[in-house]
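Have a look at the structure below, then the notes.
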There are 2 protein chains.
Amino acid sequence: MLIRVSTKTKSAATPDTRTRIVRAASSLMQRQGYDGTGIKQIAQEAQATLGSVYHFFPGGKQELAVAAIHHGDQEFFDVLRAALDHEDDPAQAITALCRTLADGLCASDWIDGCPITTTSLGTAGRAPDIQAAAAEAFARWRGLVHDKLRASGMSERDAHDLAHTVISTMEGAELAAQVSRSKEPLNIAGKHLARLIALHR
Amino acid sequence: MLIRVSTKTKSAATPDTRTRIVRAASSLMQRQGYDGTGIKQIAQEAQATLGSVYHFFPGGKQELAVAAIHHGDQEFFDVLRAALDHEDDPAQAITALCRTLADGLCASDWIDGCPITTTSLGTAGRAPDIQAAAAEAFARWRGLVHDKLRASGMSERDAHDLAHTVISTMEGAELAAQVSRSKEPLNIAGKHLARLIALHR
DNA sequence: CTCTGGATAGAGCGTTCGTTCTAGTTGATG
DNA sequence: CATCAACTAGAACGAACGCTCTATCCAGAG
């Protein structure tokens with residue numbers, strides 16, 4: 001048995017080939033969806049070759065998509081946790097996060113929405129692995145909100161329900177903002193979510 | 001100049017070829033997205049041929065997608081208006097609608113979500129026509145909710161903002177429900193939206 | 001009847017898709 | 001130095017893609 005010594009000693013200069021591939025897949029599928037993104041395009045964007053892609057992901061496009069979803073999951077997980085940790089009041093934290101999301105979406109010229117929605121929706125009935133990964137992402141984000149609400153003294157029942165609506169509304173508002181090319185849906189959603197949270201304490 | 005006599009005299013038996021094509025395109029793109037749906041597949045599903053598709057839609061796939069979005073727009077517009085007309089109180093109407101959406105989504109085995117989201121998201125940066133059609137759909141739905149809220153005595157400012165959040169939250173909850181294969185997000189969203197509406201009167 | 005133009009029908013174009021396969025390169029180990 | 005596994009490289013395959021093209025069908029006008 002081999003002891004795997006860290007191969008990413010080059011550190012921040014140029015990431016792992018595998019990492020570059022996952023990042024490229026995640027960002028391309030976020031914009032173009034599963035079917036709209038080709039393996040060759042991913043390889044090119046990642047500065048890798050087809051051989052490398054199939055070396056690291058022998059399961060092909062589906063396995064790569066699952067890895068991309070997990071990557072996007074963790075990406076937003078970190079953003080969400082940072083936002084919740086930064087403010088003491090969950091309501092204010094959510095409002096601030098919505099504003100951040102709106103600014104980020106606008107800065108990308110309304111292209112970079114939720115990192116997993118597009119990929120997940122386009123494969124709804126046919127790729128259970130991808131669906132499961134997306135469902136897990138939603139559950140993890142919801143858990144983060146749930147814990148924050150509980151920590152602020154909210155009842156278990158209210159925290160459970162509100163965590164659902166916070167994620168749903170942020171997701172829908174980001175979608176509406178992207179389609180309408182306007183920050184308004186997200187900013188309004190932030191305001192209303194804060195009121196809804198304040199209402200349950 | 002010719003006077004166009006109605007060609008759909010067969011009435012409900014078999015719809016127009018053009019109508020069949022649009023319906024097939026709408027339902028297939030709703031499930032599989034823009035890139036995941038082939039023109040030949042649409043033709044087959046519509047019981048039409050490739051020649052007919054390009055006869056009615058010389059603009060090709062993009063023009064067909066725009067027609068499909070408009071079809072889905074009108075589809076949900078009717079559902080939404082019916083729901084709002086059926087109840088006097090807008091809050092109760094929205095709650096009931098969320099329940100209806102959850103049941104419908106479950107009945108389709110979590111496949112038939114929002115009729116325009118998948119198509120719109122998958123073409124985010126590259127097809128302005130499709131984006132515009134989707135944005136128009138969101139605006140029309142929002143307008144319907146706005147008018148209902150105004151009619152129930154709400155201020156213009158509150159009605160405008162709440163209409164945004166109602167559409168955003170329903171959209172996001174449907175998305176979350178589809179991914180999680182659970183009615184919970186939609187049912188909870190219906191409850192919370194009712195509270196939010198009640199809060200602003 | 002002929003004529004006409006909207007509608008239907010599908011073979012076939014060039015391209016790109018996901019995937020497979022073989023060959024070459026690299027770097028640590030014995 | 002030789003060896004071997006990990007990794008890189010890209011040509012090639014069959015299938016499917018969007019779309020073009022010509023041929024045919026057929027109801028109504030003259």
Side-chain angles (χ1 to χ4, degrees), chain A residues 1-10 13-25 28-29 31-68 119 122-123 126-127 129-130, chain B residues 1-10 13-25 28-29 31-68 119 122-123 126-127 129-130:
Chain A
M1 186 182 295
L2 272 181
I3 294 176
R4 156 73 79 165
V5 179
S6 164
T7 55
K8 48 192 304 190
T9 41
K10 300 188 230 173
T14 303
D16 225 27
T17 298
R18 200 198 125 100
T19 303
R20 290 201 319 271
I21 292 173
V22 172
R23 283 188 189 169
L28 286 173
M29 285 186 180
R31 291 166 162 83
Q32 312 171 341
Y34 181 80
D35 290 297
T37 305
I39 301 248
K40 288 172 184 173
Q41 187 188 10
I42 293 172
Q44 186 172 9
E45 178 88 3
Q47 303 215 74
T49 61
L50 223 50
S52 301
V53 174
Y54 279 95
H55 171 75
F56 288 110
F57 302 96
K61 198 179 187 181
Q62 282 212 16
E63 184 181 346
L64 182 49
V66 170
T119 309
T123 58
R126 29 181 193 133
D129 295 351
I130 299 178
Chain B
M1 188 181 292
L2 273 180
I3 294 176
R4 157 72 80 166
V5 180
S6 163
T7 53
K8 47 192 305 189
T9 42
K10 301 189 224 167
T14 303
D16 224 28
T17 299
R18 201 198 123 98
T19 303
R20 292 202 316 272
I21 292 173
V22 172
R23 283 189 190 169
L28 286 174
M29 286 186 179
R31 292 166 162 84
Q32 311 171 342
Y34 181 80
D35 291 297
T37 305
I39 302 250
K40 286 174 184 171
Q41 187 189 10
I42 293 172
Q44 187 174 9
E45 178 88 1
Q47 303 216 75
T49 61
L50 220 51
S52 300
V53 174
Y54 279 94
H55 171 75
F56 289 109
F57 301 94
K61 199 181 187 181
Q62 283 212 17
E63 184 181 345
L64 182 48
V66 170
T119 309
T123 59
R126 25 176 198 141
D129 297 350
I130 299 178

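Lettering of chains follows the sequences in order, A, B, ..., and the numbering in each one begins at 1.
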Using a 4.0 Å heavy-atom cut-off, does L50(B) contact any base of the nucleic acid, only the sugar-phosphate backbone, or nothing at all? base
Any side-chain N or O of H55(B) less than 4.0 Å from the OP1 or OP2 oxygen of dT8(C)? no
With heavy atoms under 4.0 Å as the rule, sort G51(A) into base, sugar-phosphate or nothing. base
Round to a whole Å and report the spacing from OH of Y34(B) to C1' of dC17(D). 12 Å
Between dA15(D) (P) and I39(A) (CD1): distance, integer Å: 19 Å
Note: I42(A) and I21(A) closest approach over all heavy atoms is CG2-O, 3.8 Å
How many Å lie between CD on Q44(B) and C1' on dG10(C), as a whole number? 13 Å
For L64(A) and dT19(C), give me the distance from atom CG to atom C1', rounded to whole Å. 13 Å
T49(B) side-chain N/O to dT8(C) phosphate OP1/OP2 under 4.0 Å: no
Y54(A) versus I39(A): any side-chain heavy-atom pair under 4.5 Å? yes
Could you check how far CG of D35(A) sits from P of dC17(D), rounded to whole Å? 10 Å
Separation of atom NZ in K61(B) from atom P in dC17(D), rounded to whole Å: 8 Å
Name the closest nucleotide to the Y54(A) side chain, picking from dC7(D), dT8(C), dG18(C). dG18(C)
Is the distance from OP1 or OP2 of dT8(D) to the nearest side-chain N or O of T17(A) less than 4.0 Å? yes
Taking every heavy atom of M29(B) against every heavy atom of Y34(B), the minimum-distance pair comes out as CE-CD1, 4.0 Å
Provide, to the nearest angstrom, the distance between the CD atom belonging to Q32(A) and the P atom belonging to dC17(C). 10 Å
Quickly work out the R20(B) CZ to dA7(C) P distance and round it to whole Å. 13 Å
Picking from dC7(D), dC17(D), dC17(C), the nucleotide nearest the side-chain atoms of K40(A) would be dC17(C)
Taking all heavy atoms of R20(A) and all of P15(A), pick out the closest pair and write down the distance. NH1-O, 3.1 Å
Tell me whether Q44(A) at atom CD has more than 12 heavy atoms from other residues, nucleotides or ligands lying less than 6.0 Å away. no
